[in-house]
Amino acid sequence: MIKTDVVIVGAGPTGLFCAHQLGIIGLKCEIVDNLDKIGGQCIELYPDKPIYDIPAIPKCTGKELTNNLIKQIKPFNFDFHLNDRVQELKNENDRWIVKTLNGKEFETPNIIIAGGVGSFEPRKFPTKSAEKFDGTSVLYSIKDKTIFKDKSVVIFGGGDSALDWAIELSNSSKVTLVHRRDEFKGAAASVNKIKKLSENKKINLITRYSIKDVKGNGSLEGVEIKNETGESKVVKADYVLGFFGLIMQLGPIAEWGLNLDKKTIPVNTENFETNKKGIFAIGDICTYPGKLKLILSGFHEGALAARGCFKYARPDEKYRFEFTTASSTIKDRLGVKE
Amino acid sequence: MAKIKYIEFNGTEHEAEITNGLSVMEGAVQNNIPGIDADCGGGMSCATCHVYINDDKWFSKLPEKEMGEDDMLDQAFEPKSNSRLSCQLIVSDDLDGLTVHMPEKQV
Ligand SMILES: Cc1cc2nc3c(=O)[nH]c(=O)nc-3n(C[C@H](O)[C@H](O)[C@H](O)COP(=O)(O)OP(=O)(O)OC[C@H]3O[C@@H](n4cnc5c(N)ncnc54)[C@H](O)[C@@H]3O)c2cc1C
Ligand code: FES
C-alpha cells in the first residue's frame, strides 16, 4: 500500500501541471495513467501538431509541451504508474483506497481526476461474435509474436501498426491484410512493401472489405468479410488482429458514484471538488458553467484543486499563499539556488 | 442558417436550425441530439462524430474531405463510402436541407 497526499488519475497536461502545483505547496502525489507514455491527448493524438494558445508560448507541439511539463515537475521526483488504470475507489475512515487494474493500492485523503475524455483503449471489432475470442485469438495488440508461427493470421486496418505487423509476420505466418479502402494511412514505404509482398503472393491483400463475422465454436476457424455491395466471403484464420487506433472510454470513472453530466463530472469552481469529499476533477473531464476544453483552463483548475487538497492532507496546518519568485520554501522544494 | 435533419439509427428524426460557421457535429451537440459523441471536440482525432450521407446528390455537393478525414474514418464504427466526420462539415446556407444518418453506435 502506497501512502500519499494525492493520487492523480491521468497524466495529460492537466494532471502534469497539477502535480507541479502540489509540489510547490509541499504535497506529495502519485500519477497513474493507462497509456504507456506521459502526455494524454497531446502525446497520443497530436504529438507533432503545433499548439498556438499556451500562454507565453507562441508555438509548441504536443510533444514539446509534454516534455516541458515533465521537466517542470522533475525536481519533485513524483512516481508515475503507466500502463495501469485506476479501477476502484473505496472510502475507509475518511481516507480513499485507490486500486488499479494491475493490483496497485494507494491510501490517500485526496484524488484528483484529470482523466480527459477517459482512458485510451484499443478500438475493437464491431462484431459481437469477436468478443468470445477477445484476448485469445482475436487480439488488438501483440505481446508475443511467436504464437503466430506457421498460423493463418488475418489483420485488419490501414495504419502503420497494421502494415508493420503484416510485413513482419509475413516471414513466418500466412498473412491476410484486410482494409476498407484502397488507400492506406500508413507510411508510403510500408505501403509499397505491402504491395510488393502481395504481388509475390507473400501476403493476401484484400481491400474494400471489412469484418462481418467471426467463425468457430470453441476455437477460431475463420473470419467472414463483406464489401459494400453486400458480397461476403470467409477467410481461414487462426488469429484475427485489429489495429484501429485508440478510443477514449470513460470506463471505471463512471462507477465511482460521482455525479455525471454526459461524459463529464460537475464540479464547483472554488476548488474543483466533486460531489464526493476529497475527490476533485480537472481538465477536459470536469464541467461547470462556461467550461472551455482548453489546456490553459486545465492549468488553472489544477492550481485551485491543489490548494483544495491541502486542507485534507494537512488538517493541522494553514495554507499560505506564496509567490515562486519570492518564497525560499518553494525554491528549496524546487532545488534552485540563487 | 441551415436546416439540418439528423436521423438516429433507430429512425428517430431530429431537425435543427444551425448557425453558419458551426459544424454539423456542434449543431447536434448544442441541440442535445443523441448519436454523435464527438469525444475530441472537433479535433478530427476520434471518429466518434461519424455520419452517413445517404443521398448521393448531397454527398457529392459537400465540401471535399480534407487530408486525414479518410484516415480517421478507417477507425470509425462501420465506415462506408458515404461516411463523413460531422465535425468537418461546416454549416453554411448551402447545407440547408442536408440530412445525415447516424451509425448504430460511435464506439
Ligand atoms: C487534435 C487536437 C488538437 C487540440 N488542440 C488544442 C489546442 O490547440 N489548444 C488547447 O488548449 N487544447 C487543444 N486540444 C485539447 C487538449 O488536448 C485537451 O484539452 C487536453 O489534452 C486535456 O488535458 P487533460 O489532462 O484534461 O486530459 P487528457 O489529455 O485527455 O489526458 C487524460 C489522461 O487520463 C488517462 N486516464 C483516464 N482515465 C483513467 C483511469 N481510470 N486510469 C488511468 N488513466 C486514466 C488517459 O489515458 C489520458 O492519458 C486539442 C485536442 C485534440 C484532440
Ligand atoms: S469530433 Fe472527433 S473526429 Fe469529429
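A note on names: the letters A, B, ... follow the listed sequences, proteins ahead of strands, and every chain is numbered from 1.
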Please state whether the side chain, the backbone, both or neither of [X] comes within less than 4.5 Å of a heavy atom of chain B.
X: A:Lys124; value: neither
X: A:Lys226; value: side chain
X: A:Gln41; value: neither
X: A:Arg208; value: neither

(request) State whether the number of non-hydrogen atoms from other residues, nucleotides or ligands found under 6.0 Å of A:Lys291 atom NZ is greater than 12. (result) yes
(request) Taking A:Arg123 for its side chain and B:Gln75 for its backbone only, find out whether a donor-acceptor pair lies under 3.5 Å. (result) yes
(request) Against chain A, label B:Ala47 side chain, backbone, both or neither, depending on which of its atoms sit under 4.5 Å from a heavy atom there. (result) both
(request) Name the option with the most non-hydrogen atom pairs under 4.5 Å to chain B; the candidates are A:Glu228, A:Glu44, A:Lys263. (result) A:Glu228
(request) Could you have a look at B:Cys46, B:Ser81, B:Gly41 and say which one has the most heavy-atom pairs with chain A under 4.5 angstrom? (result) B:Ser81
(request) Any chance you could lay out the salt bridge (Lys or Arg N to Asp or Glu O under 4.0 Å) test for A:Arg181 and B:Asp71, step after step, and finish with the verdict? (result) CA-CA 10 Å; A:Arg181 58 190 172 113; B:Asp71 292 343; 2.7 Å; yes
(request) Kindly determine whether B:Asp74 and A:Glu183 satisfy side chain to side chain contact (heavy atoms under 4.5 Å, CB included), including the steps that lead there. (result) CA-CA 10 Å; B:Asp74 284 349; A:Glu183 301 79 30; over 6 Å; no
(request) Would you check if A:Arg180 and B:Asp70 make a side-chain contact, meaning some heavy-atom pair closer than 4.5 Å? (result) yes
(message) With heavy-atom distances below 4.5 Å as the criterion, would you say the side chains of B:Leu73 and A:Lys185 are in contact?
(response) no
(message) To check you understand the geometry: which heavy-atom pair defines the closest contact between B:Glu78 and A:Pro126, and what is its length?
(response) OE2-CG, 4.0 Å
(request) Indicate the atoms forming the closest heavy-atom contact of A:Ile247 with B:Thr48, along with that distance. (result) CD1-CG2, 3.5 Å
